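Here's the structure we're looking at; comments come further down.
These figures come from a predicted structure and were not determined experimentally.
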Amino acid sequence: MSTTGASADPLAALGSLPGVPEAVESVRKAVDRVYGHRIMRRRSNEITSEAALRGARGSAALSGADWALEEVRRRTDFSGDDQARVMGAALRLTAEAGQLLSIWRQSPLRVLARLHLVAAADGDEQVGRPRQEGEAVDEPLIELPLPSAAEAHGRLDGLAELIIAGGSAPALVTAAVVHGELLALRPFTSHNGLVARTAERVVLVGSGLDPKSVCAAEVGHAELGRAAYLAALDGYVSGTPEGMAAWIAHCGKAVELGARESMAVCEALQRGAA
């Protein structure tokens, strides 16, 4: 992660980049609209469950398993092939994320290790810990240069310190940096994309921006498309103010689209058609 100056609160400094305050405000308004819907006051658990399913589908799509929503609903066995296993991992991560909110601010590295363990769902010795020198990374859809294990460990520690210290950065900025840093580092031997998008959700929910987890950014990331996702990630990795701002704005648009999706679900429930 690169910031624009020697601020004691580098995440907050990112919040002042051109275009970022506007993105933060736009996200807040989009989230507020969902929470203000009358259905949210009476049937929020249903909206949360639907957002979780759609979020998992969106995250899996960005990792190469682009299934129709009804196929995800229908299937009960996710062990058959590579795509099914990706979808199963995304569903498990979405279910697990809510159990880790209280741990995140005290021990983010522990949460990330747990997320990788849940995603991989096997007993391989590489699971549930950051990769070591010489270990290969299976993340074929992200073709950025891979940092060394030593660099990944150091930057993970730095990210954890920022999370634990807290600060005044908007939730969107923190979530975008966590997401972007994990994609850039690919600290685990597999499932880094799924883990990164789940961590983004953990930040958005745990910060209080989206406490009921109904504005699934994964939905928006999938809707914006893999090409736009990777192009925005290139901006983050560049470390330039413009690139960082573009990535944060991209993540903001994804949250807005997730909020729009849940608004549509609310409207459907209100009509009695869902």
Side-chain angles (χ1 to χ4, degrees), residues 1-15 17 20 63 93 100 103-117 119-120 126-139 141-204 206-207 217 229-248 250-251:
M1 180 181 67
S2 174
T3 60
T4 56
S7 169
D9 189 351
L11 294 180
L14 294 176
L17 291 174
V20 173
S63 286
L93 284 170
L100 300 172
I103 306 171
W104 173 255
R105 284 294 297 273
Q106 287 73 43
S107 187
L109 297 184
R110 180 180 163 196
V111 170
L112 294 175
R114 174 63 185 170
L115 291 175
H116 186 243
L117 185 67
Q126 298 173 335
V127 170
R129 62 156 173 81
R131 58 186 166 87
Q132 299 174 2
E133 292 295 349
E135 291 181 340
V137 173
D138 180 16
E139 205 72 41
L141 300 178
I142 298 177
E143 299 179 350
L144 295 168
L146 185 68
S148 69
E151 180 182 350
H153 289 200
R155 286 171 60 176
L156 268 183
D157 287 343
L159 181 64
E161 289 172 5
L162 289 176
I163 299 300
I164 293 168
S168 60
L172 172 63
V173 172
T174 303
V177 167
V178 168
H179 185 171
E181 196 72 353
L182 292 174
L183 288 177
L185 297 178
R186 281 145 290 161
F188 302 107
T189 56
S190 63
H191 299 91
N192 290 286
L194 294 174
V195 169
R197 290 183 288 276
T198 305
E200 178 184 45
R201 175 178 285 228
V202 168
V203 174
L204 294 170
S207 68
Y229 184 68
L230 295 177
L233 178 61
D234 283 344
Y236 177 85
V237 172
S238 76
T240 65
E242 297 79 10
M244 298 287 283
W247 170 251
I248 294 168
H250 183 87
C251 291

Note, [X] side chain near [Y] side chain (heavy atom, < 4.5 Å):
| X | Y | value |
| --- | --- | --- |
| H250 | L233 | no |
| N192 | R131 | no |
| E139 | F188 | no |
| P10 | L162 | yes |
| L109 | L156 | yes |
| L112 | W104 | yes |
| D234 | L144 | yes |

- Note on the structure: In this structure, OG1 of T189 is separated from NE2 of H116 (nearest 0.5 Å) by 4.5 Å

Contacts under 3.5 angstrom, residues 163-180 side chains, donor-acceptor by atom type, not counting sequence neighbours:
{"unit_1": "S168", "atom_1": "OG", "unit_2": "D9", "atom_2": "OD2", "d": "3.4"}
{"unit_1": "H179", "atom_1": "ND1", "unit_2": "E200", "atom_2": "OE1", "d": "3.2"}
{"unit_1": "H179", "atom_1": "ND1", "unit_2": "E200", "atom_2": "OE2", "d": "3.3"}
{"unit_1": "H179", "atom_1": "NE2", "unit_2": "Y229", "atom_2": "OH", "d": "2.6"}

- Side-chain donor or acceptor of R129 paired with backbone N/O of V127 under 3.5 Å: no

- Query: With a cut-off of 6.0 Å (strictly less than), are more than 12 heavy atoms of other residues, nucleotides or ligands near CD of E143?
  - Reply: no

- Query: Considering all heavy atoms of both residues, which atom of I248 and which atom of V20 are nearest to each other, and what is their separation?
  - Reply: CG2-CG1, 3.9 Å

- Message: Listing request: all ring pair (Phe, Tyr, Trp, His ring centres under 6.0 Å) pairs with a residue in residues 145-173, at least two apart in sequence or in separate chains.
- Response: none

